Amino acid sequence: MIEVLVEERCVECNLCVKVCPLNVFEKRENQPPVIARQSDCQTCYMCELYCPAKALYVAADAEDTVDVSADEIIETGLIGSYRKDIGWGKGYKSTASQDTAYKFYLK
Amino acid sequence: MSLEFDHSYKLANQNYDVSLKADVLVIGGGPAGTWAALTATENGASVILVDKGYCGSSGATAPSGNGVWYIPEDQRGEAMKSREALGGYLSERKWMERVLQRTFENVNRLDEWGYPFPIDEHGVKHKRSLQGPEYMRLMRRKLNKAKIKILDHSPALELLYDGYGIAGAAGVQTQENNQTWAVQANSIVIASGGCAFLSKALGCNVLTGDGYLFASEAGADLSGMEFSNAYAITPKYSSITKTAFYEWASFTYEDGSIIEGAGSKRGRSVIAKKLSEGQKVFAQLDKAQNDHDLQKYMRIAQPNFFLQFDRMGINPFEDRFEVTLRFEGTVRGTGGIRITDETCATSVPGLFAAGDAATRELICGGFTGGGSYNAAWAISSGYWSGEAAAKYALTYNRNNHDRTLTRKQVVGINEHHTPGETLGGNELTKLVQAEVTPYNVNLFRAEEKLTSSLLTLNNLWKEAKSHLGEKDSDLVRVRESAAMLATSRWMYSAALQRTETRGMHKRLDFPKTDDHQQRRLITSGLDEIQVNWDSHSLVNI
Ligand SMILES: Cc1cc2nc3c(=O)[nH]c(=O)nc-3n(C[C@H](O)[C@H](O)[C@H](O)COP(=O)(O)OP(=O)(O)OC[C@H]3O[C@@H](n4cnc5c(N)ncnc54)[C@H](O)[C@@H]3O)c2cc1C
Ligand code: SF4
Ligand code: SF4
């Protein structure tokens with residue numbers, strides 16, 4: 001489930017509000033959005049992928065909330081790491097262009 | 001009347017905050033819906049697409065990605081043959097051929113549009129895999145370029161009618177305080193995906209069978225609803241129901257001893273059996289343990305498969321981790337709205353169905369499991385339905401007539417309510433899940449348990465008709481629960497009728513395949529459900 005929104009990193013673009021299929025976030029005036037409906041989260045990681053500021057972290061547990069230390073995931077670089085894996089954002093290249101799936105299909 | 005009942009009341013009274021018109025309305029913005037919308041536009045129609053979530057990130061494909069049935073012409077014979085037995089010979093070559101051809105052409109168009117297909121060290125481009133986020137972001141950009149109007153966070157909740165038949169749909173906008181909307185259209189494509197019963201399988205919690213319900217309320221029928229019991233391996237508590245790499249797994253008991261016969265494909269029922277006995281099941285991708293190149297390829301091919309492990313602190317090649325089977329219903333099943341001809345028309349004029357909302361039996365028969373056919377079906381059926389919906393809309397253009405939109409009475413949208421007695425959407429959802437999720441009812445099927453579950457579900461339908469209603473602005477949940485309830489009843493009604501084992505439908509009391517049942521099952525009706533054998537024989541097709 002979505003666990004962390006680091007307000008200091010957030011650039012208030014509200015992309016997470018827009019792309020979350022389950023409408024988990026709530027937009028606010030001149031402030032970062034909030035995680036308003038956490039229990040609706042389907043753990044699809046799309047918000048984290050679209051977030052341009054590495055301000056979001058989705059934990060792997062889809063059923064329960066878990067304790068996540070913001071400092072720790074920032075330090076280990078786990079926060080926003082999905083965006084890097086997919087290769088989105090400035091300075092990265094979409095990893096779809098290196099998709100190795102064919103190695104399996106042609107096996 | 002308290003405020004919180006306003007949305008239902010407003011829909012019931014056709015009091016819409018937003019009213020729009022288009023030639024074609026597409027419900028759902030996954031691959032099927034986006035291909036339908038684009039193709040309808042290319043055929044000269046004006047199009048509005050509504051999505052419950054966000055077109056581009058919502059649905060089963062966006063977060064997961066798809067292997068695609070993209071096969072060069074000279075290999076297609078073999079590709080088709082390899083499917084037929086698995087699907088219990090309920091597919092048709094004619095359909096497989098046209099889907100293979102359509103998919104080939106459309107995937108080549110994705111290439112032209114700039115999808116970054118990988119090129120190998122010999123300079124060969126590979127187009128059999130689509131990364132979900134990339135693919136769906138591209139599709140959205142194409143829709144924007146084509147100036148197709150997209151309403152995000154705008155679930156359709158019911159269809160609308162005029163003197164000629166279906167004439168549009170109505171729903172709410174969840175990010176605008178549930179304000180009501182109505183779209184008037186000449187034809188409609190239902191592309192709202194399958195039904196995974198809110199199990200939190202990857203990307204599937206927007207997929208609650210809404211389109212099946214709308215189609216049925218309009219008078220259409222369904223096909224193959226017995227093929228609706230897919231379960232996917234996933235690390236316990238995780239949502240990542242991607243199963244391809246469990247081919248490299250061994251499955252063990254808690255004490256580390258091997259579970260005989262357990263596997264990711266045929267051995268999945270062995271895992272289910274252990275789980276239903278209350279045993280813990282563990283997996284480890286140990287067969288890839290020493291192949292570091294392979295591990296690297298795996299990571300790039302399926303980034304979020306590894307994301308989950310990274311976040312759980314597990315090395316899946318070195319560590320054993322507990323697994324479970326998550327229910328995916330019809331999403332990786334094959335049942336859905338029945339298609340009556342090559343245009344993906346339903347039995348209701350002007351109403352078309354595409355993708356997981358439509359039956360996939362035509363190409364998959366009674367089994368899909370993982371991989372490629374679903375994506376090909378979404379692309380092809382989306383294309384055909386969009387083309388036909390545009391032609392229909394432009395031929396029977398009723399926009400010059402005075403069209404009064406009317407509605408039908410449907411379960412869960414009520415003008416009046418008795419607050420104390422109201423059955424809420426979340427409550428009903430839990431009751432439905434309790435009947436459809438257990439392996440020992442839905443996976444290991446037998447008459448006694450199916451009958452008793454169906455009785456419970458039928459009684460729930462009666463209760464829903466009188467008591468299901470909005471509580472705390474949960475109208476979307478209400479209609480979703482109604483759709484899941486209807487889906488569960490079609491599923492078990494068809495499962496009881498098919499007294500044999502075929503495709504993914506396994507009856508403990510009828511473990512053999514019965515040649516006389518090599519036919520499709522058509523399900524129809526809401527209050528009374530009818531299940532009939534299709535007259536169309538599939539023997540020797
Ligand atoms: C984990 C996973 C992996 C998969 N891998 C593969 C694979 O490798 N190869 C393959 O071929 N297939 C695969 N599939 C199946 C494939 O993803 C689906 O067949 C495909 O997404 C179907 O496309 P669709 O457009 O019909 O539905 P979806 O992609 O599910 O989209 C449906 C859309 O409809 C919207 N919607 C739902 N209800 C409403 C409503 N009431 N009003 C408005 N909008 C609504 C949803 O928000 C969603 O955007 C996989 C599925 C899963 C779950
Ligand atoms: S996407 Fe990221 S940066 Fe944008 S509003 Fe959400 S959290 Fe903030
Ligand atoms: S993980 Fe998916 S469902 Fe959860 S908040 Fe992010 S986008 Fe929404």
Side-chain angles (χ1 to χ4, degrees), chain A residues 1 3 14-27 33 36-37 39-50 57-64 66 68 73 76-88 93-107, chain B residues 51-54 56-59 62-65 67 115-120 124 126-131 133-135 137 152-153 174-175 198 200-206 234-235 237-240 244-245 247 294 296-304 306-312 326 372:
Chain A
M1 275 197 258
E3 291 291 354
N14 285 314
L15 265 176
C16 53
V17 181
K18 207 158 120 178
V19 302
C20 171
L22 276 299
N23 199 21
V24 165
F25 301 91
E26 189 82 37
K27 200 159 108 180
R37 288 165 288 270
S39 60
D40 285 346
C41 173
Q42 64 171 350
T43 316
C44 66
Y45 303 89
M46 295 308 276
C47 52
E48 187 177 319
L49 171 61
Y50 273 83
Y57 179 80
V58 180
D61 193 320
E63 282 158 26
D64 276 312
V66 290
V68 178
I73 52 172
T76 53
L78 274 180
I79 189 166
S81 67
Y82 188 40
R83 191 168 164 90
K84 201 172 91 208
D85 293 343
I86 297 292
W88 280 9
K93 190 169 159 220
S94 169
T95 52
S97 62
Q98 302 142 43
D99 188 348
T100 44
Y102 63 87
K103 305 236 188 220
F104 302 100
Y105 298 127
L106 303 181
K107 166 177 69 118
Chain B
D51 198 289
K52 184 191 275 184
Y54 176 81
S57 62
S58 193
S64 61
Y115 180 92
F117 287 110
I119 299 172
D120 69 16
V124 179
H126 294 279
K127 305 188 200 172
R128 280 170 67 170
S129 165
L130 288 167
Q131 293 291 332
E134 196 68 37
Y135 172 30
R137 186 174 68 164
D152 296 305
H153 301 286
T174 50
Q175 293 195 338
L198 296 182
K200 297 205 169 174
L202 189 56
C204 292
N205 266 30
V206 284
T234 164
Y237 311 118
S238 174
S239 59
I240 306 289
F245 294 155
E247 206 181 314
L294 180 64
K296 205 174 78 201
Y297 300 149
M298 285 175 157
R299 253 188 190 273
I300 305 174
Q302 298 199 355
N304 57 3
F306 291 93
L307 188 71
Q308 61 179 344
F309 292 117
D310 294 346
R311 289 187 181 191
M312 293 185 291
R326 208 172 272 283
S372 83

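For clarity, every value in this text was computed on a predicted model and none was experimentally measured. Each chain gets a letter, A, B and so on, in the order the sequences are listed, and its residues count up from 1. All values below were derived from every heavy atom in this structure, side-chain atoms included, with hydrogens, water molecules and symmetry-related copies excluded.
Annotation: the span from A:Asp99 atom CG to B:Lys127 atom NZ amounts to 14.0 Å, rounded to 0.5 Å. The CG atom of B:Asp120 sits 7.0 Å away from the NZ atom of A:Lys103 when rounded to the nearest 0.5 Å. For the atom pair CG of A:Asp40 and CG of B:Leu198, the computed distance is 9.5 Å after rounding to the nearest 0.5 Å. Note that CD of A:Glu63 and CZ of B:Arg326 are 4.5 Å apart. Values are rounded to the nearest 0.5 Å. Rounding to the nearest 0.5 Å gives a distance of 7.5 Å between CZ of B:Arg311 and CD1 of A:Ile73.
Heavy-atom pairs under 4.5 Å with chain A peak, among B:Ala301, B:Pro303, B:Pro118, at B:Pro118. With respect to chain A, the highest number of heavy-atom pairs below 4.5 Å among B:Ser58, B:Gly53, B:Pro133 belongs to B:Pro133. Taking chain A as the reference chain and counting heavy-atom pairs below 4.5 Å, the highest number among B:Asn304, B:Ile119, B:Leu202 is found for B:Asn304. Heavy-atom pairs under 4.5 Å with chain B peak, among A:Leu78, A:Ile86, A:Thr95, at A:Leu78. Between chain A and the residues B:Met298, B:Arg299, B:Gln175, B:Lys52, the most heavy-atom pairs under 4.5 angstrom are made by B:Gln175. Ranked by heavy-atom pairs under 4.5 Å with chain B, the first of A:Val58, A:Leu49, A:Thr76 is A:Val58.
Proximity to chain A is absent for every atom of B:Asp51, based on heavy atoms less than 4.5 angstrom apart. Contacts between B:Ala244 and chain A at a heavy-atom distance below 4.5 Å are absent for every atom of the residue. Residue A:Val68 does not touch chain B at all, counting heavy-atom pairs closer than 4.5 Å. In this structure, the portion of A:Glu48 lying under 4.5 Å from any heavy atom of chain B is its side chain and not its backbone. Heavy atoms of B:Ile240 lying under 4.5 Å from chain A belong exclusively to its side chain. Interface remark: B:Lys200 contributes backbone and side-chain atoms alike to the contact with chain A (heavy atom separation under 4.5 Å). Interface remark: A:Tyr45 contributes side-chain atoms only to the contact with chain B (heavy atom separation under 4.5 Å). Interface residue A:Cys20: only backbone heavy atoms are found under 4.5 Å from chain B. Both the backbone and the side chain of B:Asn205 come within less than 4.5 Å of a heavy atom in chain A.
B:Phe306 CZ: more than 12 foreign heavy atoms inside a 6.0 Å radius. For A:Lys27, the NZ atom sits in a loose shell: 12 or fewer heavy atoms of surrounding residues, nucleotides or ligands are nearer than 6.0 Å.
B:Ser57 is not listed as a side-chain neighbour of A:Lys18, based on a closest heavy-atom distance of 4.5 Å or more. Annotation: side chain of A:Trp88 is in contact with side chain of B:Arg137 (closest heavy-atom distance under 4.5 Å).
Between A:Tyr102 and B:His126, the ring planes are parallel. Angles under 30° get that label, and only those over 60° would be called perpendicular.
Using modelled atom types, no side-chain atom of B:Ser129 and backbone atom of A:Ala101 make a donor-acceptor pair closer than 3.5 Å. Without hydrogens or angle criteria, A:Gln42 side chain to B:Ser239 main chain gives no donor-acceptor distance under 3.5 Å.
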Working note: A:Ser81 + B:Leu307, criterion side-chain contact (heavy atoms from CB on, under 4.5 Å); need CA distance, chi angles, decisive distance, verdict.
CA-CA 8 Å; A:Ser81 67; B:Leu307 188 71; 3.7 Å; yes
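Closest of all the heavy-atom pairs between A:Tyr50 and B:Gly56 is OH-O, 4.1 Å.
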